[in-house]
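Written out below as structure tokens is the structure these notes cover.
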Amino acid sequence: MSSRAFYVTTPIYYINGTPHIGHAYTTVVADVLARTARTQGDAFFLTGTDEHGQKVANAAAEAGVAPQAWCDRLVEHWKDLFARFEISYDDWIRTTEPRHERVVQAVFEQLRESGDVYRGTYEGWYCVHDETFWLDSKLAGGKCPTCGRGVEWLAEDDWFFRLSKYNDRLLRHFKEHPQWVRPRTVYNEMLALLEEGLEDFSISRAAFDWGVPVPGGGGVIYVWFDALLNYISAIGWSHDDATFKKFWPASVQLIGKEIARFHTIIWPAVLWALGEEAPELVFAHGWMTTDGQKIGKSLGNASDPFAEVDRFGADSLRYFLLREAPFGSDFSYSEEKIAQRHNSDLGNDLGNLFHRTLAMLHKYREGIVPAVRPPLENTSFDRLRFADLPGRVRASILDLRFRDALEAVWELVTALNRTIDERKPWVLHKENRADELDALLYDLCEGLRWLAILLAPVMPERAREMWRRLGLRDRIDANWDEALVWGGLPPQTQTVAGDALFPRVELISS
Ligand code: ME8
């Protein structure tokens, strides 16, 4: 990853309905990346809402509301959910905002001028659910080949984007940068599409009006062409060069695998047509499933994410989403699995370690972190083993190997728990071995301070609570290289005892 400022994006979500846990998933992942990147430099995290297109217009019509009023109402649900998950986005772009629409029109005009956008006639099928044009030959039994829904026939004079012109450059780019699309399965699929050959595609809708107007008239700009541009409109393309140069090309663009074609074929081609670079990495992750099926708005198989947060706590859900499966693959989502992670990893391993350490500190030292003389010698904890832990955790996170990162953090959790079991502070206390007990209690508390810092990107709220109870006041999100030096916990700090960090949850089977 380059040393330029870090820029991470999520897809912008259609607000034809309320959000579900799948939308929270991508956004939580982006949040963890942004929080981690900020501990070592400038970072910008963009998310937002895709508010144009037929799908949103239909939802508004069904509700009997004007599309803009519908979007203004719905966007609040999305913002509420992301607030519950403590998503630390730097900007939320809405495609109906003038700052975005201006950029879409400017792009359209520039490409019309350069010849990459030209006039033609479109005749073919359109899938409203996927907002996608399909050639007759691509349909599967007369239905949309992606989602299986019915399609409608369109025949209109449209504007086209000269995608075919970029076929060779895309092939070269894929070959020269085999890591630019991850995971490998998606990279291979996209490469196969490029090898089949690309066709120009329509980027306007003549007989439709919920979108950015085509400059000079002739309907509106196709919703996907409009939506992709959010990634550059929000950071100042064509109006704030300094910000744009600081953040573009994006470091990581996160998406679900179903929209990989738009992001890894169409998007770089549009960027090149504008004279800009392709993003450094597009990561197309897998799907959360339930009963083997993708969780989705229209399938009606998604549970209410607000209720899930009430039930488990946002941080337990965040932990589950990152820990459960290697990032990239599909995984099944169920309350049983979340409860299992919550009770076991968080309650038994981390929560217990925290609780019993502070309980012993209160019992033997009135809750005050002991001073250790001579500094940190005579310690029973092999802290040297963990000297490279922060570097490993950060490298894994920035390489999007979240499960590896959490497993590495758990090595410290396990080692601290084992130290308590082996060194038996209660025996040291009974035998009046005060120096050894001081050294041991200090190491345990220092280990907890490390855990709070390392876990703050994944579990910001519980990490803050650990911080507060450890009696710490400086920033939990300081630069890791400075903050994670063993011995940083000031002696004489007054800690605070409290309830379980992760109270057990019981599932009542229905
Ligand atoms: O596609 N598992 O918006 P969208 C994992 N507006 N991730 C899931 C998921 C699941 N079951 N369900 C949804 C759009 N997602 C366009 C994008 S970008 C220029 C325009 C996540 O509301 C995942 O990130 O259908 C997926 O790609 C996205 O939500 C789709 O959101």
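Order of listing sets the numbers, starting from 1, for every ligand and every atom in it.
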Check this for me - ligand 1, [X], N or O atoms closer than 3.5 angstrom, yes or no?
X    : value
K55  : no
G256 : yes
N230 : no
W78  : no
M288 : yes
Y231 : no

Flag if over 12 foreign heavy atoms under 6.0 Å of CD, Q40: yes
Ligand 1 contact by E131, heavy-atom criterion under 4.0 angstrom: no
What atoms of ligand 1 come closer than 4.0 angstrom to any heavy atom of [X]?
X    : answer
A227 : 19 (C)
G286 : 5 (C)
I295 : 10 (C), 11 (N), 12 (N)

Less than 6.0 Å separating the ring centroids of [X] and [Y]?
X    : Y    : value
Y25  : F331 : yes
W267 : F262 : no
F327 : H285 : yes
H263 : Y231 : yes

With respect to atom 8 (C) of ligand 1, which of A30, G22, G17 exhibits the smallest heavy-atom separation? G22
For G142 against V151, the heavy-atom pair lying closest together: O-CG2, 3.6 Å
Taking all non-hydrogen atoms of both residues, which atom of W210 and which atom of V56 are closest, and how far apart? NE1-CG1, 4.0 Å
Could you tell me whether the side chain of D399 and the main chain of R401 form a donor-acceptor pair under 3.5 Å? no
For R462 and L346: C-alpha separation, side-chain torsions, deciding distance, then whether side-chain contact (heavy atoms from CB on, under 4.5 Å) applies. CA-CA 10 Å; R462 289 289 83 187; L346 298 178; over 6 Å; no
Indicate, as side chain, backbone, both or neither, the part of I259 found under 4.0 angstrom from ligand 1 when only non-hydrogen atoms are considered. side chain
F262 and ligand 1 - part of the residue with a heavy-atom distance under 4.0 Å: neither
